[in-house]
K.L.:
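One structure coming up, written as C-alpha cells, with questions to follow.
In listed order, ligands and their atoms are each counted from 1. FYI, the numbering just counts along the sequence from 1.
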Amino acid sequence: MPAPATLTIDLNALAANFRTLEAVGGAPVHPVVKADSYGLGAAACAARLMAEGARTFFVARTSEGERLRAALGQTPTIYVLDGCLAGRAARLRTAGLKPVLNTGAQLAEWRAAGGGGSGLQIDTGMNRLGFRVEEAPEPFEGLDLVLSHLACADDPVEPMNARQRDAFAAAAARYPGTVRSFANSGGAFLGPDYAFDALRPGVCLYGGGPEGRPDDRIRPVATLTAEVLQVREVPAGESVGYSRGFVARGSTRIATCAAGYADGVLRAYSPKGLVHIAGELRPIVGRVSMDVCAVDATGLDVAVGDRIELFGVNRMVDDAAAAAGTIAYELLTSVTARIPRVYT
Ligand SMILES: *Cc1c(COP(=O)(O)O)cnc(C)c1O
C-alpha cells in the first residue's frame with residue numbers, strides 16, 4: 001500500500017533532462033544537488049546522474065557535501081557553494097570536498113589549512129556571493145574551477161545577462177587552465193556563448209522550466225500525490241474547513257485529501273491552487289490545514305482511496321507554483337520529510 005501522500009520521482013525523466021541540458025547547452029552538466037536535490041533526494045538523484053556520466057556536483061552546505069560523499073563514494077568531485085567557512089576546512093578535507101571560495105577570508109582559511117582543490121566564485125553583478133571582479137585574487141595553487149551566477153537567467157531579454165557573461169569571460173581569463181562554469185538552468189538555454197566549460201543547472205533537471213513556466217523540452221520529474229480520505233456532499237450555505245474559508249453556494253462534493261501544510265502543501269495553495277483529480281483540474285477550497293486539504297469534486301466520480309495530484313505529470317510544477325504565488329524551487333523544496341520519496 002502506498003503511503004497516504006507520496007513524492008514519486010521519475011529517474012528516467014531526470015536522466016532525460018540531464019541529456020537535454022547537455023545537448024541544448026553544449027557543455028557538460030555539473031548537476032546542482034543542493035537542498036537534497038531540491039527536495040527529490042540527492043543520494044538517489046546524484047547516483048542516477050552519475051550513471052548518465054555526471055562526475056562533478058554542487059551542493060550549498062558542507063553537511064550536504066558530507067552526506068553526498070557518503071552516498072556516492074570517492075569518485076565524484078563535490079563543490080560546496082558556501083565555500084570554506086571559519087573552522088570548516090578540516091571537515092571539507094576529511095570528506096574530500098572542494099570549497100567554492102567567495103572571499104579573501106575564506107581563501108586565507110583554506111590556505112591556512114593546507115589549501116588544495118577548490119573553486120572560486122566571481123560576483124558579476126548579483127551582489128550575493130563571491131569576489132567582486134576588481135577584488136578577484138591572483139591565481140593560486142589548487143584552483144580548479146571558476147564560476148559566476150546569473151541574476152536573471154529566466155528572462156532571456158534581460159540585458160544584464162550579456163553584461164554578466166562578458167564580465168565573467170574577462171574575469172575568468174585571469175585563471176587559464178581552470179574550468180569556467182557560468183550557466184544555471186536558465187543560462188543553459190541562453191545560447192552557446194553562455195556555456196563556457198561546464199553548465200550548473202538545478203531546477204531544469206528536476207522538471208522546472210528554464211523561464212519559470214512549463215517548457216516542452218523539460219520533462220516533469222517529481223509528482224506529489226495524496227489519497228482521498230473522505231468524500232462528502234456539503235449542502236448549500238455550509239462551510240468547509242477552518243474559519244469558514246469556503247462556503248458552498250450550491251450542493252458541493254468535497255474530497256478531503258491526505259496532504260496539508262505539514263507535507264509542504266503551502267497554505268498559499270488556496271484559493272487559487274488547482275489539483276488534478278479524476279482527470280480534471282479542480283480547486284482546493286477553504287484553508288489548507290496541517291494534514292489535509294479539501295478539493296471541490298462536484299460532479300466527479302471520486303471515491304475514498306483515489307489519489308489526487310498536486311503537481312507532476314498532469315499539473316506542471318511551474319503552474320502549481322504560480323497558482324500559489326511562488327516558484328517551482330520553493331514548491332519542490334517545501335515537500336517535507338513526512339512524505340516518502342518513491343523512485344521509479
Ligand atoms: C542554485 C544554484 C544553481 C542552480 O540554479 P538553477 O536555477 O536551479 O539551475 C547554480 N549555481 C549556483 C551558484 C546556485 O546557487
Side-chain angles (χ1 to χ4, degrees), residues 14 17-18 20-22 24-25 27-40 42 45-46 49 54 56-62 64-65 68 77-84 97-103 106 118-131 145-156 158 160-161 164-165 167-168 171-172 179-190 194-215 217-222 317-318 321 326-334:
L14 174 75
N17 291 339
F18 174 85
T20 296
L21 283 158
E22 288 205 334
V24 170
V29 163
H30 291 179
V32 176
V33 297
K34 63 189 179 188
D36 207 20
S37 277
Y38 294 36
L40 277 54
C45 289
L49 292 166
T56 301
F57 296 90
F58 287 89
V59 295
R61 306 273 116 86
T62 303
E64 293 176 339
L68 192 66
T77 298
I78 302 171
Y79 283 100
V80 175
L81 290 166
D82 278 353
C84 183
L97 308 172
K98 295 186 179 184
V100 176
L101 302 168
N102 291 304
T103 64
Q106 289 195 353
S118 55
L120 175 70
Q121 177 153 208
I122 306 288
D123 192 318
T124 51
M126 194 169 180
N127 283 312
R128 194 176 67 163
L129 289 173
F131 289 85
L145 177 141
V146 55
L147 71 81
S148 189
H149 193 48
L150 283 158
C152 309
D154 58 348
D155 182 2
E158 167 59 55
M160 184 168 171
N161 293 331
Q164 285 195 269
R165 176 201 60 202
F168 179 63
V179 173
R180 299 165 303 161
S181 175
F182 185 59
N184 66 336
S185 294
F189 290 84
L190 290 179
Y194 286 80
F196 293 91
D197 304 321
L199 309 170
R200 223 173 49 246
V203 78
C204 279
L205 289 169
Y206 309 118
E211 295 177 32
R213 55 172 184 267
D215 188 295
R217 294 164 292 189
I218 296 299
R219 285 174 53 180
V221 175
V317 66
D318 287 303
T326 184
I327 54 176
Y329 302 71
E330 190 179 32
L331 219 56
L332 292 171
T333 56
S334 294

K.L.:
Any idea which part of H149 is under 4.0 Å from ligand 1, heavy-atom wise: side chain, backbone, both or neither?
P.N.:
side chain
K.L.:
Are the ring centres of Y206 and Y329 closer than 6.0 Å?
P.N.:
no
K.L.:
Roughly how far, to the nearest 0.5 Å, is the CG atom of L97 from the CG atom of D82?
P.N.:
11.5 Å
K.L.:
Contact between L120 and V100 at the side-chain level, heavy atoms closer than 4.5 Å - yes or no?
P.N.:
no
K.L.:
If the cut-off is 4.0 Å to any non-hydrogen atom of P201, which atoms of ligand 1 fall inside it?
P.N.:
9 (O)
K.L.:
With side chains defined as the heavy atoms from C-beta onward, is the minimum distance between E211 and F189 less than 4.5 Å?
P.N.:
no
K.L.:
Name the closest protein heavy atom to atom 10 (C) of ligand 1, giving the residue it belongs to and the distance to 0.1 Å.
P.N.:
R200 O, 3.2 Å
K.L.:
Around atom 9 (O) of ligand 1, find the nearest protein heavy atom and jot down its residue, atom name and distance.
P.N.:
S185 OG, 2.6 Å
K.L.:
Show the atoms of ligand 1 that are less than 4.0 angstrom away from any heavy atom in K34.
P.N.:
1 (C), 2 (C), 3 (C), 14 (C), 15 (O)
K.L.:
Does a side-chain heavy-atom distance below 4.5 Å link I122 with V146?
P.N.:
yes
K.L.:
Of the side chain and backbone of M126, name the one, both, or neither that has a heavy atom under 4.0 Å from an atom of ligand 1.
P.N.:
neither
K.L.:
Mind checking whether V32 contacts ligand 1 via backbone (N, CA, C, O), side chain (CB onward), both or neither, at a 4.0 Å heavy-atom cut-off?
P.N.:
side chain
K.L.:
Quick check on Y329 - does any of its heavy atoms sit under 4.0 Å from an atom of ligand 1?
P.N.:
yes
K.L.:
Are N161 and C152 close enough that some pair of their side-chain heavy atoms sits under 4.5 Å apart?
P.N.:
yes
K.L.:
Look at D197 together with R180 and state whether they make a salt bridge at an N to O cut-off of under 4.0 Å.
P.N.:
yes
K.L.:
Take the angle between the ring planes of F58 and Y79 and call it parallel below 30°, perpendicular above 60°, tilted in between.
P.N.:
parallel
K.L.:
Mind checking whether Y38 has a heavy atom under 4.0 Å from ligand 1?
P.N.:
yes
K.L.:
May I ask you to list the atoms of ligand 1 that are less than 4.0 angstrom from any heavy atom of V203?
P.N.:
6 (P), 8 (O), 9 (O)
K.L.:
With a 4.0 Å cut-off on heavy atoms, is H30 in contact with ligand 1?
P.N.:
no
